[in-house]
Protein chains: 2
Amino acid sequence: MRGMIGEVEEILRAHDYKMTPKREHVLCVLLENKKRHLSAEEVYNLVKQRVPDVGLATVYRTLELFSNFDIIRSTDFGDGRKRYEFGTGSNDGHRHHHLICVECGKIIEMNEDLLEDLEERVTSAYDFTISDHELKIFGKCRDCMGQKNK
Amino acid sequence: MRGMIGEVEEILRAHDYKMTPKREHVLCVLLENKKRHLSAEEVYNLVKQRVPDVGLATVYRTLELFSNFDIIRSTDFGDGRKRYEFGTGSNDGHRHHHLICVECGKIIEMNEDLLEDLEERVTSAYDFTISDHELKIFGKCRDCMGQKNK
DNA sequence: GTTCGTGCAAAGCGTTTGCACTCTG
DNA sequence: CAGAGTGCAAACGCTTTGCACGAAC
């Protein structure tokens, strides 16, 4: 994980940005919460626990910065706010989908390359050069289905 | 298309809502622009051309109303505002996906049931009961690719 | 000593809501 | 005249921005 920070530092430096302590904290919070899909405010609160004098604007600016370099990716799961997570690398980062439970809001991650043949079809049928795709599946998770049946 | 209005009127009436003239105009605008994906404000402007005394709030309320009954569906294509289009019926309305050109913003519609076997896999692998899904594919359309190559 | 990063507060923007008016039945 | 529908303007929630201060090279 130290390595990850160095890696990001490289990317930033390559674009004339610095890895400041606050940016590092934002990164750490994201790294330590890989499983969750934090909103900007949630990131802010977690960073604030370690660095009380951080500002919300800085968090937004940092998230924006990381987004621009595909270090993280933002998605709106339907609650009107952006949520951030690591892009799992800029090459294969786009094959990454979510199951969203409409009952409890849980988000289950799903890595699935089944869309590859769909991609091929689309490319030829529509003359469309795909750079990324995003699949959200809505429904009910096991737990919430269980409750329904009791 | 007259039939469509009657149909919607039925749905509304069944839930104790009325098909007022303004709601009808909103519906008409949506019907006449099926191919486009209008934002609330765009709908508002188009309705205003016919009924100058309409309010933006009414448009929002109407769109919300139609959404609730799955008459229309809203999607965010990444520009931070909701865009509305007809759900093609409440049964099969969810098999409806989009190609979004990141260059010119064009949205190409794509009806594709290739995700069905993916659905089956997900259902069994994750114990997840799917009610809907949404697939957005980002890339460059033919026109924009052409420009790039010239 | 520039330049970049930052905190704070204000502004922005799409959307929602409170309230009073209006229209319909 | 009761109740739903509506216009207007204010409020809202998330995000962005302007500005002045502060840190780093």
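Just so it is clear, the structure is predicted and the values come from calculations on it, not from any experiment. Because only heavy atoms are used, hydrogens play no part in the values below, and waters and symmetry mates are left out as well, while side chains stay in. To find a chain, count down the sequence lines: A is the first, B the second, and so on, and within it residues start at 1.
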Fill in: Candidate nucleotides D:dA9, D:dG5, C:dC4, ranked by approach to the side chain of B:A57 - the nearest
D:dA9
Worksheet item: Rounding to a whole Å, what distance do you find between A:K22:NZ and D:dC21:P?
Response: 17 Å
Worksheet item: Is the number of heavy atoms from other residues, nucleotides or ligands within 6.0 Å of CZ (B:F138) greater than 12?
Response: yes
Worksheet item: Roughly, in whole Å, what's the span from CG in A:D76 to P in C:dC13?
Response: 19 Å
Worksheet entry | Integer-rounded Å distance: D:dG7 P and B:H25 NE2 | 12 Å
Worksheet item: In terms of heavy-atom contacts, does CZ of A:R50 have more than 12 from other residues, nucleotides or ligands at under 6.0 Å?
Response: yes
Worksheet entry | Presence of A:R61 side-chain N/O under 4.0 Å of D:dT16 phosphate oxygens OP1/OP2 | no
Item to complete: Measure the distance from CD on A:E41 to C1' on D:dT16 and round it to the nearest whole Å.
Response: 15 Å
Worksheet item: Out of D:dT6, C:dG7, C:dT15, which nucleotide sits closest to the side chain of A:V54?
Response: C:dG7
Discussion item. Using heavy-atom distances to pick each residue's nearest nucleotide on DNA chain D, tell me which of A:L56 and B:T62 is more 5'.
Written reply: B:T62
Worksheet item: Under 4.0 Å: is that the gap between some side-chain N or O of B:K82 and OP1 or OP2 of C:dT16?
Response: yes
Discussion item. Given 3.5 Å as the limit, does a donor-acceptor pair link the side chain of B:K106 with the main chain of B:D143, or not?
Written reply: no
Worksheet item: Could you state the CG-P distance from B:D53 to D:dG5, rounded to the nearest angstrom?
Response: 17 Å
Fill in: Phosphate OP1/OP2 of D:dA23: any A:T20 side-chain N/O under 4.0 Å
no
Response to the item:
A:D79 atom CG is separated from C:dT16 atom C1', nearest whole Å, by 16 Å
Worksheet item: Are B:Y84 and B:H37 an aromatic pair by the rule of ring centers under 6.0 Å?
Response: no
Worksheet item: Do A:K48 side-chain atoms and A:L56 backbone N/O form a donor-acceptor pair below 3.5 Å?
Response: no
Practice prompt. Write down the distance between OH (B:Y60) and P (C:dC13), rounded to a whole number of angstrom.
Written response: 13 Å
Practice prompt. In whole angstrom, give the distance that lies between atom NZ of B:K18 and atom C1' of C:dG25.
Written response: 7 Å
